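What you see is a predicted model, and the numbers here were worked out from it, not measured in a lab. Reminder, nothing fancy here: chain letters follow the sequence lines and each chain counts from 1. Values reported hereafter were calculated over all heavy atoms of this structure, with side chains retained and with hydrogens, waters and symmetry mates removed.
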Number of protein chains: 2
Amino acid sequence: MYKNKQKLLIAVDCIIFGFDSEQIKLLLFKRKVEPYSGNWSLVGAFINENLSLNEAAQEILFEYTGLKDIYLEELQTYSKVDRDPGERVISVAFFSLTRINEIVEESVEKFDAHWFNLDEIPELILDHREMVDNAITKLRQKARYQPIGFELLPEKFTIPQLQLLYECIYNKKLDDRNFRKKIFSYDILTKTDLKDKSTSKKGAFLYKFNKKKFDSFIANGYNFEL
Amino acid sequence: MYKNKQKLLIAVDCIIFGFDSEQIKLLLFKRKVEPYSGNWSLVGAFINENLSLNEAAQEILFEYTGLKDIYLEELQTYSKVDRDPGERVISVAFFSLTRINEIVEESVEKFDAHWFNLDEIPELILDHREMVDNAITKLRQKARYQPIGFELLPEKFTIPQLQLLYECIYNKKLDDRNFRKKIFSYDILTKTDLKDKSTSKKGAFLYKFNKKKFDSFIANGYNFEL
DNA sequence: GCAAAAGTGTTTTCACTACACCCATGA
DNA sequence: TCATGGGTGTAGTGAAAACACTTTTGC
């Protein structure tokens, strides 16, 4: 149909974040193909005719982590003409938030993957470091006004866990009384009668994120901010 | 280098906003090529090997408006497999903010272009309507925390003009005393001793956006919000 | 002199901050 | 019984919201 128009290679790369109850982590892989075989890299793949970019990213994530229905969002395109010395490739970066504990261990081992702290990211191929930096920036910005933090926590979590996550995201200590006051004021959590005693003798109650309550909170014109 | 990998058509489409001192407007074009020749459309073009997406978008904007160095930002990709019935095309949408009065009139006329109010957008080809809606959402969000509004105003503008622009963006009346108080509190405008008498007998002083002051405002850790 | 838009301050309200102690429990 | 993290309330502060009148000037 569109004759004489040039076609190009197009790829997706995925920035995968996790949270291990102490730190936010980034999942990186030892690259298996040339150029740069053996170096640390994001996971990615070329796009073919049969999938949208989002679908392709979902597939990659499933292949490398064993997870489906991961939180996934487009970051931006990277299209400098010479960004890949092999050949011209336009890449679309996606960032994804995962629950570390749900990731199928074998998948990760099979691919020589490793979780890195954000302040210990090794050298990455091509412009992947730039992608990661942009993703971190976006994570920090977005977490402030959207409830994406819950994507990084297990289904049930304690308030201290949630607070710690936000302290990691903002790289800043938060006041526990004010934090509780704020999160409870939104009334978007459901308290369970279970306690997590893994970090204290007293134990902390477990909560679930209540999407219905959250949606009606937003529908009523309120703004979420943590 | 990357053998056996499929290549795809990739295009950019530009959402062009303007402000005519009364309304926010969208610049649309009568499409000249099949499919859908004669229908309203965003401007766009296929990407070739020699340009990054951003460069390609800049070129398109120059060709169709005669403007250089337009404010331009990537919106997102549109990659549904069947989004273009002609052939599979992945499109990257950019949104741009322009000063209507600077746009070269002949460029616009030559291409059968027209400025539409946001509530009078005609039917558009393909998924362009979705792109426009996403762009409007992004404009509203972004205007709140970044000083992008000034990109839509002439170099010199009055406070009532600026307020009207924000009222259009948010679709909401603002209190003039509070608006002035806030914008002046940031100390990011330079007052000129010129008055614009086009809208009142008394005349309103003209101001310029002072990027230096703005940058140091941000550098000092303050947040812009209007 | 009057119509029409520009410009100006004060009070109230509410959300954010800072801050210190008791509770429950396992060891 | 004590060490450890979980959980609670209040007073002070500062920013946002609400609100009405004076100024200027072309007609």
Side-chain angles (χ1 to χ4, degrees), chain A residues 20-22 143-145 153-154 156-170 172-208 217-218 220-226, chain B residues 20-23 143-145 153-154 156-208 217-218 220-226:
Chain A
D20 66 356
S21 290
E22 290 194 11
R144 181 148 247 128
Y145 302 107
L153 291 171
K156 298 192 185 73
F157 52 85
T158 67
I159 304 300
Q161 270 175 346
L162 181 63
Q163 180 176 344
L164 187 58
L165 169 62
Y166 274 88
E167 289 178 340
C168 287
I169 292 174
Y170 299 140
K172 185 179 154 191
K173 201 107 192 65
L174 301 175
D175 181 280
D176 41 338
R177 284 159 294 186
N178 294 337
F179 184 82
R180 267 168 202 274
K181 204 182 311 170
K182 199 162 195 179
I183 187 69
F184 286 139
S185 78
Y186 297 145
D187 187 28
I188 56 171
L189 300 183
T190 302
K191 189 176 187 173
T192 71
D193 45 12
L194 304 170
K195 279 194 163 187
D196 170 16
K197 294 208 169 184
S198 64
T199 54
S200 78
K201 294 158 184 167
K202 181 177 178 180
F205 278 105
L206 288 161
Y207 292 80
K208 290 198 229 181
F217 173 79
I218 296 300
N220 288 329
Y222 293 104
N223 289 319
F224 174 84
E225 186 182 345
L226 261 189
Chain B
D20 68 356
S21 290
E22 290 193 11
Q23 298 254 350
R144 182 148 247 126
Y145 302 107
L153 292 171
K156 298 192 185 72
F157 51 86
T158 67
I159 304 300
Q161 270 175 346
L162 180 63
Q163 180 177 342
L164 187 59
L165 169 62
Y166 274 88
E167 289 178 338
C168 286
I169 293 174
Y170 299 140
N171 214 350
K172 186 180 154 191
K173 202 106 193 66
L174 301 175
D175 181 278
D176 42 338
R177 283 159 293 185
N178 293 337
F179 185 82
R180 267 167 204 275
K181 204 183 309 172
K182 199 161 195 180
I183 187 70
F184 286 139
S185 77
Y186 296 146
D187 188 28
I188 55 173
L189 300 183
T190 302
K191 189 176 187 172
T192 71
D193 45 13
L194 305 169
K195 278 194 163 187
D196 170 16
K197 294 207 170 187
S198 64
T199 55
S200 78
K201 293 156 185 170
K202 182 177 179 182
F205 278 106
L206 288 160
Y207 293 80
K208 291 199 228 180
F217 173 79
I218 297 300
N220 288 329
Y222 293 105
N223 289 319
F224 174 83
E225 186 181 345
L226 259 190

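Looking only at distances, a side-chain donor or acceptor of Glu167(A) sits under 3.5 Å from a matching main-chain atom of Leu174(A).
In this structure, CZ of Phe205(A) is placed 10 Å from P of dA24(C), rounded to the nearest angstrom. With rounding to whole Å, Arg180(A) atom CZ is found 19 Å from dA18(C) atom P. What separates NZ of Lys191(B) from P of dG7(C) is a distance of 7 Å, to the nearest Å. The separation between Gln163(B) atom CD and dG7(C) atom P is 11 Å, rounded to whole Å.
Judged as a ring-ring contact (aromatic ring centres under 6.0 Å, His included), and not counting sequence neighbours, the contacts of Tyr166(A) are Tyr170(A). Under the side chain to side chain contact (heavy atoms under 4.5 Å, CB included) criterion, Lys201(A) pairs with no residue at all, not counting sequence neighbours. Evaluation of the side-chain hydrogen bond (donor to acceptor under 3.5 Å, both in side chains) rule for Lys172(B) yields no partner, not counting sequence neighbours. Every residue was checked against the side-chain hydrogen bond (donor to acceptor under 3.5 Å, both in side chains) condition with Thr199(B), not counting sequence neighbours, and none meets it. Applying the ring-ring contact (aromatic ring centres under 6.0 Å, His included) test to Phe184(B) and every residue at least two apart in sequence or in another chain returns Tyr207(B). Judged as a ring-ring contact (aromatic ring centres under 6.0 Å, His included), and not counting sequence neighbours, the contacts of Tyr145(A) are Tyr145(B).
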Could you go through nucleotides 23-27 of chain D and list every protein N or O atom that sits under 3.5 Å from one of its N or O atoms, giving the distance for each pair?
{"from": "dT23(D)", "atom 1": "O2", "to": "Lys202(B)", "atom 2": "NZ", "distance (Å)": "3.1"}
{"from": "dG26(D)", "atom 1": "OP1", "to": "Lys197(B)", "atom 2": "NZ", "distance (Å)": "3.0"}

Checklist outcome for this item: Each nucleotide of nucleotides 11-21 of chain D classed B (base within 4.0 Å of a protein heavy atom), S (only sugar-phosphate) or -, in 5' to 3' order, makes ------BBBB-
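Within the structure, the salt bridge (Lys or Arg N to Asp or Glu O under 4.0 Å) test picks out the following pairs touching residues 175-192 of chain A (sequence neighbours left out): Asp175(A)-Arg177(A), Asp187(A)-Lys213(A).
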